[in-house]
> 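Starting off with a structure, shown below.
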Amino acid sequence: MKNKKIKSLIRNRTFRKVSSATTLLLMLFAYNQCELIMRPKSNKKSLGETSQINNESTYHSDNTNSDTGNEETTIPPEVEVVVKAKVQTGMKDYEQILETMSVLTGISSSNDNIQNVYEDIKTQLPEKNDIKTFMAAHQVGIVKLASEYCHRLVENQSARSLVWPGFNFGESAANAFSSVGRQNFINQTVNKFWGRSIASEFEVGMSSQLLNQLTNDLMAGENTGSNNLTRTIAKGICISVLASAPVMML
């Protein structure tokens, strides 16, 4: 009973750290999406659009009186741009997320353990592709599903060798995740789950820093001579990348 409690605490602590890293990755890509919406394509076009927005954004308030006349309120152009922007990016729904993770990891979506987790958290996953309906609860569900996929992936020797060729899971965490080893592992994970065409060099660089920090956090206070920790770190990096925005977005 005591061992089960200890293992549960370790899993919970690891889950919290991984969830934090995944949230930071999500914020990074969300911020860049907002920048793309706000950024004008050219000065000339921007001025024209601003003029049009100013014309369209003035409206009459319903609260009018005969003494003062109609009251007008002007919406700031930068706010109007975001409100009127047509979102080009959508979020995958629950079935698309399930199958996407399966394709990327090589773990069958019909796996009993995957299906058990999926049925438990299905209602926590996005129902629609509209990214404006995405909530924090959805991200928690996504991380839970990614956790199970990554656990099955790391524990499956043939499947993991396709994602991380040459990585020795039998080595101690200190050796396996040396400065060179961890960067290779991170690069392989990003290349497999995202592909270089999905994320910009800036996003990949920032994500690499976050995943390096996650590795440090998972190693802190642990027995770095253990290969069990090697698998824990591998699963943590796997979950963070698999549950992140580039994988979840359409």
Side-chain angles (χ1 to χ4, degrees), residues 3-30 33 87 89-156 159-160 162-164 186 189-190 192-195 198-199 207 210-211 214-215 217-218 228 231-250:
N3 288 337
K4 286 184 178 180
K5 288 183 178 180
I6 292 174
K7 288 181 179 179
S8 177
L9 287 172
I10 292 173
R11 283 197 299 268
N12 290 338
R13 183 172 59 180
T14 300
F15 185 82
R16 287 196 298 271
K17 290 179 180 178
V18 172
S19 295
S20 297
T22 308
T23 300
L24 289 173
L25 288 175
L26 179 67
M27 291 172 65
L28 169 64
F29 283 88
Q33 287 295 318
V87 178
T89 304
M91 180 65 65
K92 293 175 182 175
D93 64 25
Y94 54 97
E95 289 182 342
Q96 292 169 324
I97 291 172
L98 175 71
E99 296 304 328
T100 296
M101 290 186 178
S102 175
V103 170
L104 292 177
T105 60
I107 303 300
S108 174
S109 60
S110 61
N111 177 284
D112 289 342
N113 296 288
I114 296 294
Q115 278 296 313
N116 288 338
V117 173
Y118 177 64
E119 291 301 325
D120 285 342
I121 56 92
K122 186 176 179 179
T123 55
Q124 286 184 266
L125 299 175
E127 294 182 3
K128 301 177 181 179
N129 295 133
D130 185 357
I131 199 169
K132 292 182 179 180
T133 64
F134 187 77
M135 299 184 295
H138 293 150
Q139 185 62 26
V140 174
I142 290 169
V143 172
K144 288 180 180 178
L145 185 60
S147 297
E148 189 61 33
Y149 267 109
C150 287
H151 174 70
R152 299 298 154 192
L153 171 60
V154 170
E155 298 301 326
N156 186 316
R160 75 191 186 202
L162 297 176
V163 180
W164 303 290
I186 289 172
T189 309
V190 169
K192 177 63 178 178
F193 293 164
W194 293 357
I198 295 178
S207 300
L210 292 173
L211 294 171
L214 172 63
T215 304
D217 291 343
L218 293 175
N228 288 330
R231 296 187 180 206
T232 298
I233 295 171
K235 291 173 186 178
I237 294 174
C238 173
I239 295 166
S240 296
V241 180
L242 187 62
S244 62
V247 176
M248 296 303 106
M249 289 180 175
L250 287 171

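Worth saying up front: this structure is predicted, and the values here are computed from it rather than measured.
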> List the atom of Leu218, the atom of Gly236, and the distance in Å for their closest heavy-atom pair.
CD1-CA, 4.2 Å
> Under a 3.5 Å cutoff, is there a donor and acceptor pairing between the side chains of Lys235 and Ser147?
no
> Begin from the C-alpha positions of Glu155 and Arg160 and carry the test salt bridge (charged side-chain N to carboxylate O under 4.0 Å, His left out) through to its verdict.
CA-CA 8 Å; Glu155 298 301 326; Arg160 75 191 186 202; 5.5 Å; no
> So, using salt bridge (charged side-chain N to carboxylate O under 4.0 Å, His left out) as the criterion, who are the partners of Glu127 when residues are at least two apart?
none
> Would you say Ser109 and Tyr118 make side-chain contact, with heavy atoms under 4.5 Å?
no
> Roughly how far, to the nearest 0.5 Å, is OG of Ser102 from CG of Leu145?
10.0 Å
> State the CG-CG distance between Leu125 and Asp93, to the nearest 0.5 angstrom.
9.0 Å
> On a heavy-atom basis, which atom in Leu153 and which in Trp164 lie closest, and how many Å separate them?
CD2-CH2, 3.4 Å
> Are the side chains of Gln115 and Asn111 in contact, using a 4.5 Å heavy-atom criterion?
no
> Checking side-chain polar atoms at under 3.5 Å, does Trp194 have a donor or acceptor matched by the opposite partner on Ser244?
yes
> So, taking the atom named CE in Met91 and the one named CG in Leu250, what distance separates them when rounded to the nearest 0.5 Å?
8.5 Å
> Identify the heavy atoms of Ile97 and Lys92 that sit nearest to each other, and give their distance.
CD1-O, 3.5 Å
> With sequence neighbours left out, what residues match Glu148 under side-chain contact (heavy atoms from CB on, under 4.5 Å)?
Asn113, Ile114, Val117, His151, Arg152
> Does any non-hydrogen side-chain atom of Gln124 lie less than 4.5 Å from one of Tyr94?
no
> Listed by chain and number, what are the side-chain contact (heavy atoms from CB on, under 4.5 Å) partners of Thr133, not counting sequence neighbours?
Lys128, Asp130
> Output yes when a side-chain donor or acceptor of Gln96 lies under 3.5 Å from a complementary backbone atom of Asn129, and no otherwise.
no
